[in-house]
K.L.:
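Before we start, here is the structure in question, set down as structure tokens.
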Amino acid sequence: ATNVGGYGDLQDELIHPLQGNLAGPFGNHQRFGPTGNGKGALRFRPIPQLAFRGTAQAGYRAPNQAQKFFSKVSTTFIDNEPVQTGIFRINSGVGNALGIPDLEEERSVNISGGVILKPFERFQLSVDYFNIQVDDRITLSGDLGEDDPDRQGDDQIRAELEGTGAETASFFTNAIDTNTEGIDVTTKYATLLAVGLRG
């Protein structure tokens, strides 16, 4: 696939003491078309000892080559019994026969905000909240074709695997949406421990 892109970044003091920042990559992916993602940030510093900051960012990631084209068959042990497990490409004969959908791009939204305190010289405390949402995240599926009385279609999967050397199959798919959030607390104290010169 061909991917052509560029990056721009603009930062300025909007009104004292408020700073703004706009940045973003812009590109065109051969398969997924034009992409326009970016980041916006604000920083407000009313006094030298206190600052507030916030950022909102949208991201994009196309499937990598390993996720699209990697395949292998290996031996694993399930209940102390050897099983030939296979990882197959989406567009392989097995993937096409089972109707596995092609990989799509991952998209993310990242929002964060926090405060920076400098109550006295050389000491800094920062507290930030972050929230990261990733849609259509690419993950490796479970082993399809394992014996499971509650699951339908295992006979078809095993039939499609005949001649591949594998008893089960797994694929990279856009299987899940994830959300990660938390609070980051960091402190910093700078000091000069000792300076010595010997003649």
K.L.:
At what distance, to the nearest 0.5 angstrom, does CZ of F171 lie from OG1 of T139?
P.N.:
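So the gap between those two atoms works out to 13.5 Å.
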K.L.:
Show me the donor-acceptor pairs, under 3.5 Å and distance only, between side chains in residues 71-88 and residues at least two apart or in other chains.
P.N.:
{"unit_1": "T75", "atom_1": "OG1", "unit_2": "Q84", "atom_2": "OE1", "d": "2.5"}
{"unit_1": "T85", "atom_1": "OG1", "unit_2": "S74", "atom_2": "O", "d": "3.4"}

K.L.:
What are the two closest non-hydrogen atoms of I90 and P101, and how far apart are they?
P.N.:
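Where I90 meets P101 most closely, the heavy atoms are CG2-O, 3.4 Å.
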K.L.:
Do other residues, nucleotides or ligands put more than 12 heavy atoms under 6.0 Å from E121 CD?
P.N.:
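Counting other residues, nucleotides and ligands, CD of E121 stays at 12 neighbours or fewer.
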K.L.:
Can you check whether T168 reaches L144 side chain to side chain, under 4.5 Å on heavy atoms?
P.N.:
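SC-SC contact between T168 and L144 ruled out.
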K.L.:
For R61 and I138, which heavy atoms make the closest approach, and how far apart are they?
P.N.:
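Closest approach of R61 to I138: NH2-CD1, 4.0 Å.
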K.L.:
Who passes salt bridge (charged side-chain N to carboxylate O under 4.0 Å, His left out) against K39, sequence neighbours left out?
P.N.:
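Per chain and number, K39 pairs via salt bridge (charged side-chain N to carboxylate O under 4.0 Å, His left out) with no residue.
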K.L.:
What closest approach, in Å, do R53 and S126 show between heavy atoms, and which atom pair accounts for it?
P.N.:
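Shortest heavy-atom contact: NH2-CB, 3.9 Å.
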K.L.:
Please give the remaining members of the hydrophobic cluster of L14, linking ILVMFWY side chains under 4.5 Å, ordered by chain and number.
P.N.:
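Members other than L14 - counting any ILVMFWY side chain reachable under 4.5 Å - are I15, L18, L42, F44, I47, L50, F52, V115, L117, F120, F123, L125, V127, Y129, I183, V185, Y189.
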K.L.:
Check the pair D102, K68 against side-chain contact (heavy atoms from CB on, under 4.5 Å), reporting the backbone distance first and the verdict last.
P.N.:
CA-CA 9 Å; D102 202 0; K68 288 182 68 70; 3.8 Å; yes
K.L.:
Working to the nearest 0.5 Å, report the span between CD of E106 and OG1 of T178.
P.N.:
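Going from CD on E106 over to OG1 on T178, the span is 8.0 Å.
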K.L.:
Does any part of the side chain of Q133, heavy atoms only, come nearer than 4.5 Å to the side chain of I111, both counted from C-beta?
P.N.:
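With C-beta onward as the side chain, the pair stays apart.
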K.L.:
Taking atom CG of N174 and atom CZ of R107, what is their separation to the nearest 0.5 Å?
P.N.:
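It comes to 11.5 Å.
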K.L.:
Take Q124 and I116 through the test side-chain contact (heavy atoms from CB on, under 4.5 Å) and record every step on the way to the result.
P.N.:
CA-CA 7 Å; Q124 176 178 303; I116 304 171; 3.8 Å; yes
K.L.:
To the nearest 0.5 Å, tell me how far L103 CG sits from D136 CG.
P.N.:
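Rounded to the nearest 0.5 Å, the CG-CG separation comes out at 10.5 Å.
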K.L.:
Can you tell me how far CD of Q49 sits from NZ of K118, rounded to the nearest 0.5 angstrom?
P.N.:
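One gets 9.5 Å once the value is rounded to the nearest 0.5 Å.
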K.L.:
Quick check: is L140 connected to I100 through a chain of hydrophobic side chains (ILVMFWY, heavy atoms under 4.5 Å apart)?
P.N.:
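In one cluster with I100: L140, yes.
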K.L.:
State, to 0.1 Å, how close S170 and G142 come at their nearest heavy-atom pair, and which atoms those are.
P.N.:
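Looking at all heavy atoms of both residues, the shortest contact is CB-O, 3.5 Å.
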K.L.:
Please tell me if the side chains of N131 and N179 come closer than 4.5 Å, counting only heavy atoms from C-beta onward.
P.N.:
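The answer is yes, as the side chains (C-beta and beyond) meet within the 4.5 Å cut-off.
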K.L.:
Considering all heavy atoms of both residues, which atom of F130 and which atom of D184 are nearest to each other, and what is their separation?
P.N.:
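Minimum heavy-atom separation between F130 and D184: CE2-N, 4.3 Å.
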K.L.:
Working to the nearest 0.5 Å, report the span between CZ of R43 and CD of Q11.
P.N.:
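CD of Q11 is found 9.5 Å from CZ of R43.
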K.L.:
Run the side-chain hydrogen bond (donor to acceptor under 3.5 Å, both in side chains) check on N21 and D9 step by step: do they pass?
P.N.:
CA-CA 7 Å; N21 174 244; D9 193 325; 2.8 Å; yes
K.L.:
Do other residues, nucleotides or ligands put more than 12 heavy atoms under 6.0 Å from R137 CZ?
P.N.:
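No - once you tally the heavy atoms of other residues, nucleotides and ligands closer than 6.0 Å, there are 12 at most.
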K.L.:
Looking at every heavy atom in both S92 and R89, which two are closest together, and how far apart are they?
P.N.:
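Smallest heavy-atom distance, with atoms named: OG-O, 2.7 Å.
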